[in-house]
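Just so it is clear, the values below take in all heavy atoms, side chains as well, and ignore hydrogens, waters and symmetry mates. Just so we're on the same page: letters track the sequence lines, and every chain starts at 1.
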Protein chains: 2
Amino acid sequence: MKATIKDVAREAKVSIATVSNVINGKDIVKKETREKVTRVIEKLNYVPDQAARTMIRKKTNTIGMVVPSLSNEFWGSLAGNIQRQLLNFGYTLLILTTESDPKVEQISLNTLKERNVDGVIIASLGLGSKADKRYVEALLEWGIPLVSFHPYEKKLTTVWGDYMASSMEVVDHLISLGHTKIAYIGSYLSGIERELGYRNSLMLNRIPVDERLMISGQEEKFEFFSQYGYDCAKKLCKDNVEFTAIFCSNDLIAIGAIKAFEDMGMHVPTDKAVVGFDDINMASLYRPALTTVRQPITEMASSAVTILIEQIEKPDTDHFAKTVTFPMKLIIRESSGAQI
Amino acid sequence: MKATIKDVAREAKVSIATVSNVINGKDIVKKETREKVTRVIEKLNYVPDQAARTMIRKKTNTIGMVVPSLSNEFWGSLAGNIQRQLLNFGYTLLILTTESDPKVEQISLNTLKERNVDGVIIASLGLGSKADKRYVEALLEWGIPLVSFHPYEKKLTTVWGDYMASSMEVVDHLISLGHTKIAYIGSYLSGIERELGYRNSLMLNRIPVDERLMISGQEEKFEFFSQYGYDCAKKLCKDNVEFTAIFCSNDLIAIGAIKAFEDMGMHVPTDKAVVGFDDINMASLYRPALTTVRQPITEMASSAVTILIEQIEKPDTDHFAKTVTFPMKLIIRESSGAQI
DNA sequence: CTGAAAGCGCTTACAG
DNA sequence: CTGAAAGCGCTTACAG
């Protein structure tokens, strides 16, 4: 049977309060007493019970993370990075995948509460805007320290990238290569900023936006990005509106699109130039190698962790709902058809 | 402030014992009382505190999972599946990524103990055989319920696939296409069985095993499978030992190898037929689409979860260290050059 | 310095 | 059926 603080107290002939003071390193304990207690602790192989401590201290040293899926390199990598960095601070990560399913989202919210996590990281939600808002509000109302990788709410501390600016850079890049008929495939899971960047770039370059060339993906329900990209690319081609280049809101969508184009007998980048987003591992290995935008995942994870820990451990400080924006980097490879 | 059982009891004008009985689904509660309490629970948004429960029940309802990395579709998918299935049983998953780093492995072991997890799932270790053995033995000595996806130890309950048989099938497939010079690239993270299957098939087909065509990957330290596959493929070609086909122990390695071949001016499958393993999402989207072996991840996750939960919740039953082996499925696509 | 006591939020006999 | 009470293993004022 595991020894408790009582066993130690009895054996050392002191009170449990004294034992508590010893294990918590309070220097009010007389040296001899401390040594006596320490000896008994070792003898009985006593380890304080975490659950009891948690109950009193109101701190679990656990951080919750909400993410749509782990079978996706970007989120998996983000989660792994965060997990390892948290470990250095003495925290443990509780990952909850939601599969963009409202029911599962709800369960995940309950789990977060049950487990009494000290803070929450929102990697991405996928419920659609209204449900997202409710979800975040429930968290906000709960009053728990929060960091999000997407600015769902003004009151939310956010760590993210300059997705709009980098998307503009992508489209500028395509335009500089001579393209004017540029399509777009997005997904609600990657936010609206890429689409805005796409629109802005076109407008600034005085190219009319053709809504028939855009699939926002704000409504679709999909399981796999690459299949989605494949389907969307085919749909765009069937619609018979000419385009020579396409910007996809993540690499998996881009790879699906490329596959679709090739299946239809087109060649990338000659017939269709393609650009993705994220620079997943596969991007440089795909054929053609993918032109894409690299997110500094490790640094972003580190930033989120640092901010969250500070919020938790210095609750008295005023914590503004600041937004930390990381620069992205356009990585030009074969799929956009640039001379490299 | 978070609502407690007392708040609910006061609001519903019942005792905390009754509230407890309601939240624990004890059917001794009168229907009207239950409904009244349920209403208050929802109104107050009450969620039972796990720490308090844990203290009494001596159970954290947390399962630990050790996995080398999450930025990999196979493991990420496995982890996500396990996490969601555990949630149905009321358990939470604590994922520890080790990055195949012995120091991190050690920390993960301590974390598992501190957190008092109820059981542990070993997805894969990556320390090398001796360290693996020590790791598993520490877990076994601790006496905690354990399920592994690799049979590191006889005393270990294992859920895995018939990797040897399916690897034989792969090589048989290549041989049936006329290949006799077949190379192999493995990794210690995917075990030795694929290599054994490769060797067995060659032997049974009376094709001498040429060690120069094999890279076991039992020693290498590598971060990214695809880069590893790329490097190995180049190395094999430089060694100037002729081969016309190659079997890679996972899809990422295979994709890296294909990229290498194409970069060297060879064509897949004409010049080199390539087969991978796992059937990740990307496999069907790569060009050429990858011939590979599909693992039934969901079913394997489900099996591991069921077995582990049973070990935890029925500790008095005799639990043999059984091995559950799942069948794999050869998926023939373009990269092996078969007529489809 | 040290100890008696209250209390964290639950579950579980046990009495009514 | 329902409630009062004990108790899980700790920490933390507070009294001495």
Side-chain angles (χ1 to χ4, degrees), chain A residues 1-41 44-62 110-118 142 144, chain B residues 1-41 44-62 90-92 113-116 118 313:
Chain A
M1 212 46 227
K2 244 182 89 172
T4 74
I5 198 170
K6 279 184 190 167
D7 301 322
V8 177
R10 195 187 318 112
E11 187 86 8
K13 295 185 173 51
V14 295
S15 73
I16 60 168
T18 299
V19 178
S20 177
N21 284 332
V22 171
I23 54 185
N24 288 303
K26 298 259 165 66
D27 49 359
I28 55 169
V29 185
K30 196 165 65 174
K31 199 184 162 203
E32 294 142 45
T33 314
R34 183 173 53 240
E35 282 168 355
K36 184 173 58 181
V37 171
T38 306
R39 230 174 294 125
V40 175
I41 285 175
L44 298 186
N45 206 10
Y46 167 70
V47 179
D49 184 276
Q50 289 301 321
R53 282 188 154 172
T54 290
M55 200 166 73
I56 297 169
R57 294 181 177 170
K58 304 283 168 235
K59 188 147 178 297
T60 53
N61 275 47
T62 299
N110 289 340
T111 305
L112 253 20
K113 285 198 172 181
E114 274 176 8
R115 295 286 163 170
N116 249 304
V117 295
D118 296 332
W142 181 15
I144 191 160
Chain B
M1 209 48 225
K2 240 186 90 171
T4 73
I5 197 169
K6 279 183 191 168
D7 301 321
V8 177
R10 194 186 318 111
E11 186 87 6
K13 296 186 171 51
V14 296
S15 71
I16 59 168
T18 298
V19 178
S20 176
N21 284 332
V22 170
I23 56 186
N24 288 299
K26 299 258 165 68
D27 50 357
I28 54 169
V29 185
K30 198 165 63 178
K31 199 183 163 205
E32 295 141 44
T33 314
R34 182 173 54 239
E35 282 167 357
K36 184 173 58 183
V37 171
T38 306
R39 233 174 291 126
V40 175
I41 286 176
L44 298 185
N45 213 1
Y46 166 71
V47 181
D49 182 275
Q50 282 300 322
R53 282 187 156 169
T54 290
M55 200 167 70
I56 297 170
R57 296 181 177 170
K58 303 284 167 237
K59 192 150 172 293
T60 55
N61 275 44
T62 299
Y91 287 78
T92 258
K113 284 198 175 182
E114 276 170 13
R115 295 285 163 167
N116 251 304
D118 296 332
E313 302 193 344

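Here the closest heavy-atom approach between residue A:A12 and residue A:K36 is recorded as O-CE, 3.2 Å. Closest approach of B:L44 to B:E11, counting heavy atoms only: CD1-CB, 4.3 Å.
Regarding A:K30, its NZ atom lies at a distance of 7 Å from the C1' atom of C:dC1, rounded to whole Å. One can place CE of A:M55 at 15 Å from P of D:dG7, the figure rounded to the nearest angstrom. Following rounding to the nearest Å, B:D7 (CG) and C:dC8 (C1') show an atom-to-atom distance of 13 Å. As a whole-Å value, the separation of A:K58 NZ from C:dC10 P is 9 Å. Computed from coordinates, the A:L44 CG to D:dG9 C1' distance equals 15 Å when rounded to whole Å. In this entry the distance linking CD1 of A:I16 with C1' of C:dA4 reads 9 Å, nearest Å. B:K2 places its NZ atom 12 Å from the C1' atom of C:dC8, with the value rounded to the nearest Å. Atom CD1 in B:I5 sits about 11 Å away from atom P in C:dT12, given to the nearest Å.
Two residues, A:V19 and B:A17, neighbour DNA chain D, and the one matched to the more 5' nucleotide by heavy-atom proximity is B:A17.
Within 4.0 Å of A:K26, counting heavy atoms only, lie sugar-phosphate atoms of the nucleic acid but no base atom. In this structure, B:T33 reaches the sugar-phosphate backbone alone: every heavy-atom distance under 4.0 Å involves primed, P, OP1 or OP2 atoms, never a base. Within 4.0 Å of B:S20, counting heavy atoms only, lies at least one base atom of the nucleic acid.
The shortest distance between the side-chain N/O atoms of B:K6 and the OP1/OP2 oxygens of C:dC10 is not below 4.0 Å. Within the structure, every side-chain polar atom (N or O) of B:T4 is placed at least 4.0 Å from both OP1 and OP2 of C:dG9. Remark: B:T18 is in phosphate contact with D:dG3, judged by side-chain N or O atoms under 4.0 Å from OP1 or OP2. Residue A:N21 places no side-chain N or O under 4.0 Å from the OP1 or OP2 atom of C:dC1. Close to D:dG9, at under 4.0 Å from its OP1 or OP2, lies no side-chain N or O of A:R53. Dashed line: the shortest gap from a side-chain N or O of A:R57 to OP1 or OP2 of D:dC10 is not under 4.0 Å.
When each of B:I23, B:V22, B:I28 is checked for a side-chain contact (heavy atoms from CB on, under 4.5 Å) with B:K26, only B:I28 meets the rule. When each of A:V47, A:V8, A:I5 is paired with A:I41, the side-chain contact (heavy atoms from CB on, under 4.5 Å) condition holds for A:V8 and for no other.
Distances from the side chain of B:V29 to the nucleotides D:dC10, D:dT2, C:dG9 place D:dT2 closest.
Note that the OG1 atom of A:T54 and the CG atom of A:N61 stand 7.5 Å from one another [nearest 0.5 Å].
C:dA13 is unpaired under the criterion used here, namely a Watson-Crick or G-U wobble arrangement in which both key atom distances are under 3.5 Å. Pair assignment for D:dA4: none, as no Watson-Crick or G-U wobble contacts are both less than 3.5 Å.
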Using the rule given for side-chain contact (heavy atoms from CB on, under 4.5 Å), can you reason through A:I144 versus A:V117, listing the C-alpha separation, both sets of side-chain angles and the distance that settles it, and then say yes or no? CA-CA 8 Å; A:I144 191 160; A:V117 295; 3.7 Å; yes
